[in-house]
S.K.: 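One structure coming up, written as structure tokens, with questions to follow.
Atoms within a ligand are numbered from 1 in the order they appear, just like the ligands themselves.
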Amino acid sequence: MAGQQRYLRYIVFALVCLVLLLFISSSSSVPTAHWPTSKPKTEDVKASQPSAAAQDALKPATPPTTPNPHSSLSPATASGDRMNATFVTLARNEDLWEIIKSIRSVEDRFNRNYNYDWVFLNDKEFSDEFKRTTTAIVSGKTKYGLIPKEHWSFPDFIDQDRAAKVREEMKEAQIIYGDSISYRHMCRYESGFFFRHKLLLDYEWYWRVEPSVSFHCDISYDPFKFMADKKKTYSFTISLHEYEATIPTLWSTVKNFTKTHPQYVSEDNSMAWISDDNGETYNNCHFWSNFEIGNLNWLRSKPYLDFFEALDQAGGFFYERWGDAPVHSIAAALFLKKDQIHFFNDIAYTHVPFTHCPTGEQFRLDHKCTCQSEDNFDWKGYSCTDKYYEVMDMERPVGYEREQD
Ligand SMILES: Nc1nc2c(ncn2[C@@H]2O[C@H](COP(=O)(O)OP(=O)(O)O)[C@@H](O)[C@H]2O)c(=O)[nH]1
Ligand SMILES: *[C@@H]1O[C@H](CO)[C@@H](O)[C@H](O)[C@H]1NC(C)=O
Ligand SMILES: *[C@@H]1O[C@H](CO)[C@@H](O)[C@H](O)[C@H]1NC(C)=O
Ligand SMILES: [Mg+2]
């Protein structure tokens, strides 16, 4: 009994202290410094944060620190106009904690200064946990879209038995994702549908982000604005050779398409980057599409849509395992002019197992990079970036030879 009373006395004492503290801090005559804050986003989420007064009450009752008047402090947000642009992520609910890492990396290196929106797409409803966790960490507005069934299912012209047989064979051959149905829907969706989702119709530019990726250097300008100013349409950071077994008939299908639609093939195209024999065969070079900054209106244009439609009709998304990377890349290489494609050398990026880390130490120091030269994939044999430099007639950076092996 006596113990209980002592307990009670402690609690009462603690309460009195807390009330006193609250009183002292709220009646304090010392003005609090007001720092610029970034603009609020979705109100309903932010409203749940504790009020400023309540937060003050939790602080120790020590004198306030002196504000730093140093004029070179960076502003909380970058000045200037925002582009009509958004990040876009296709993900499952179980990808939450891997996409959170990717978002944190994008925010730290770029978006905390720009506050671009982020659109999330899923073939199932996003969970409340997914929504509240991602909304808490994205500095711009977040939007969540359900993919319509028609965009994530077998078209009725697909022969199910044939498709099932292929999955069985590819499993035997140990081709990565070879027996997966969902991976095929994903590749087809990224090839032909994401840019037509209702939520993306509101935007002109997109930046694709996948779970488990990271960015290694500060991006201190707006890549969307760069794309618009320089009249770019599609961009990449990593390029490589596709696994031939996943696309045996892709190139013949492409050739059949360009034969019937020669008007879509651009004059100053990048055929030399994707074919070593002037279009006879595909050399399997492609931009790695898990990173892309691109123009949505191009993907929504008739040439691209006709191209996707022709590929879809050929059935290769299900009878083989065509990836969205070669599909986007071949379209960009053939239907765009060379100078509409951009290599973002300054965007250092990893999607396992490959990293693009800009060549040249001074650049890496200036941009506070956390990647090292030996991780850079650009000049390795399996990359297609060296060939890209050759075809685009670009000068390779100083010291690239040291990163070749
Ligand atoms: N909603 C949804 N997203 C998927 C599915 N499969 C893959 N994704 C997403 O599609 C992208 C590519 O998938 P990932 O597993 O990273 O493939 P990888 O990079 O080729 O190994 C990622 O953004 C995934 O989150 C799926 O079945 N449903
Ligand atoms: C953004 O781009 C989309 C697609 O081009 C367009 O429909 C929309 O009106 C644009 N929004 C603004 C604010 O310009
Ligand atoms: C070749 O193109 C024509 C016209 O677009 C189409 O009807 C036909 O199915 C295509 N053939 C193949 C093998 O893709
Ligand atoms: Mg991935």
S.K.: What do you reckon, does Tyr177 have a nitrogen or oxygen under 3.5 Å from a nitrogen or oxygen of ligand 1?
M.R.: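 Tyr177 vs ligand 1: N/O contact under 3.5 Å present.
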S.K.: Would one find an N or O of Ala91, backbone or side chain, under 3.5 Å from an N or O of ligand 1?
M.R.: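 Yes; at least one N/O pair falls below 3.5 Å.
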S.K.: I'd like to check which ligand 1 atoms, numbered from 1 as shown, lie under 4.0 Å from a non-hydrogen atom of Pro211.
M.R.: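 Listed by number with element: 22 (C), 23 (O), 25 (O).
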S.K.: Under 4.0 Å from a heavy atom of Ser182: give me the atoms of ligand 1 that qualify, with their elements.
M.R.: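 So the atoms of ligand 1 that pass are 27 (O).
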S.K.: Please name the atom of Glu210, limited to N, O or S, that comes nearest to the Mg ion (ligand 4).
M.R.: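 The atom in question is OE1.
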S.K.: Flag the pair Tyr114 / Phe224 as yes when their ring centroid distance falls below 6.0 Å, and as no otherwise.
M.R.: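 No, ring centres 6.0 Å or more apart.
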S.K.: Do Thr142 and Thr134 have a side chain donor and acceptor closer than 3.5 Å?
M.R.: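 Result is no, nothing qualifies.
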S.K.: Under 4.0 Å from ligand 1, counting heavy atoms only, is it the side chain of Asp123, its backbone, both or neither?
M.R.: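 Contact part for Asp123 vs ligand 1: both backbone and side chain.
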S.K.: Would Thr253 count as a polar contact of ligand 3, with the cut-off being nitrogen or oxygen pairs under 3.5 Å?
M.R.: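 Thr253 vs ligand 3: no N/O contact under 3.5 Å.
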S.K.: What verdict does the salt bridge (charged side-chain N to carboxylate O under 4.0 Å, His left out) test give for Lys337 and Asp268, after you've listed the backbone C-alpha separation in whole Å, the side-chain angles of each residue and the deciding distance to 0.1 Å?
M.R.: CA-CA 5 Å; Lys337 296 204 207 78; Asp268 187 25; over 6 Å; no
S.K.: Under 4.0 Å from ligand 1, counting heavy atoms only, is it the side chain of His185, its backbone, both or neither?
M.R.: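 Answer for His185: neither.
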S.K.: Please report whether the ring centroid of Phe236 lies less than 6.0 Å from that of Trp288.
M.R.: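 Not close enough - the centres of the two rings lie 6.0 Å or further apart.
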S.K.: Among all protein heavy atoms, pick out the one at the shortest distance from atom 8 (N) of ligand 1; state its residue, atom name and that distance to 0.1 Å.
M.R.: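 Nearest protein contact, heavy atoms only, for atom 8 (N) of ligand 1 is Met186 CG, 3.8 Å.
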S.K.: So if I apply the side-chain hydrogen bond (donor to acceptor under 3.5 Å, both in side chains) rule between Thr355 and each of Asp375, Thr350, Asp378, which one comes out positive?
M.R.: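 The residue from Asp375, Thr350, Asp378 that satisfies side-chain hydrogen bond (donor to acceptor under 3.5 Å, both in side chains) with Thr355 turns out to be Thr350.
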S.K.: Are Ser220 and Asp218 close enough that a side-chain donor and a side-chain acceptor fall under 3.5 Å?
M.R.: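 Note: Ser220 and Asp218 side chains miss the donor-acceptor criterion.
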S.K.: When you compare ligand 1 with Arg92, is there at least one nitrogen or oxygen pair between them that comes in under 3.5 angstrom?
M.R.: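 Yes, since at least one N or O of Arg92 sits under 3.5 Å from an N or O of ligand 1.
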S.K.: Give a yes or no on whether the ring-centroid distance for Phe195 and His197 is below 6.0 angstrom.
M.R.: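 Aromatic pair excluded; centres sit 6.0 Å or further apart.
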S.K.: I need the nearest protein heavy-atom contact for atom 14 (P) of ligand 1: residue, atom name and distance, please.
M.R.: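 Here the closest protein heavy atom is Glu210 OE1, 4.2 Å.
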S.K.: With side chains defined as the heavy atoms from C-beta onward, is the minimum distance between Phe157 and Asp312 less than 4.5 Å?
M.R.: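 Yes, side chains in contact.
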S.K.: Just need the protein heavy atom nearest to atom 11 (N) of ligand 3, so name the residue and atom and give the distance.
M.R.: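 Here the closest protein heavy atom is Asn256 ND2, 2.7 Å.
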S.K.: Does the protein place any heavy atom closer than 4.0 Å to atom 2 (O) of ligand 3?
M.R.: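 Yes, because at least one protein heavy atom sits under 4.0 Å from atom 2 (O) of ligand 3.
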S.K.: If you measure only the distance, is there a donor-acceptor pair under 3.5 Å linking the side chains of Trp322 and Thr246?
M.R.: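 No.
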S.K.: Going by the order shown, which atoms of ligand 1 are within less than 4.0 Å of some heavy atom of Tyr183?
M.R.: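 Per the distance check, 17 (O), 18 (P), 20 (O).
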S.K.: Please say whether Asn290 places an N or O atom under 3.5 Å from an N or O atom belonging to ligand 1.
M.R.: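 No, Asn290 has no N/O under 3.5 Å of an N/O on ligand 1.
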S.K.: Which is it for Asp393 and Lys338 under the salt bridge (charged side-chain N to carboxylate O under 4.0 Å, His left out) test, yes or no, and what are the steps along the way?
M.R.: CA-CA 10 Å; Asp393 205 13; Lys338 271 184 192 159; over 6 Å; no
S.K.: Under 4.0 Å from a heavy atom of Asn122: give me the atoms of ligand 1 that qualify, with their elements.
M.R.: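 What qualifies from ligand 1 is 1 (N).
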S.K.: Between ligand 1 and Leu90, can you find any atom pair, the residue atom being a heavy atom, that is separated by under 4.0 Å?
M.R.: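 Yes, that is the case, since the closest heavy atom of the residue is under 4.0 Å from the ligand.
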S.K.: Within the 4.0 Å heavy-atom shell around Trp152, which atoms of ligand 1 are there?
M.R.: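 Those qualifying, in numeric order: 2 (C), 26 (C), 27 (O), 28 (N).
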S.K.: Only heavy atoms of Thr260, strictly under 4.0 Å: list the atoms of ligand 3 that pass.
M.R.: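 Answer, ordered by atom number: 4 (C), 5 (O).
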S.K.: Under 4.0 Å from atom 14 (O) of ligand 3, is there any protein heavy atom?
M.R.: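 Looking at atom 14 (O) of ligand 3, one finds that a protein heavy atom does lie closer than 4.0 Å.
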S.K.: Just so I know, are the side chains of Val88 and Val209 near enough to count as touching, which here means a heavy-atom distance under 4.5 Å?
M.R.: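 They are not in side-chain contact.
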S.K.: Using a 4.5 Å cut-off on heavy atoms from C-beta on, say whether the side chain of Glu320 contacts that of Thr249.
M.R.: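 With C-beta onward as the side chain, the pair touches.
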S.K.: If you count the atoms of ligand 1 from 1 in the order shown, which ones are under 4.0 Å from a heavy atom of His351?
M.R.: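 Per the distance check, 19 (O).
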S.K.: Regarding Ser289 and Asp324, is there a side-chain donor-to-acceptor distance under 3.5 Å anywhere?
M.R.: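 Distance-only check passes for Ser289 and Asp324.
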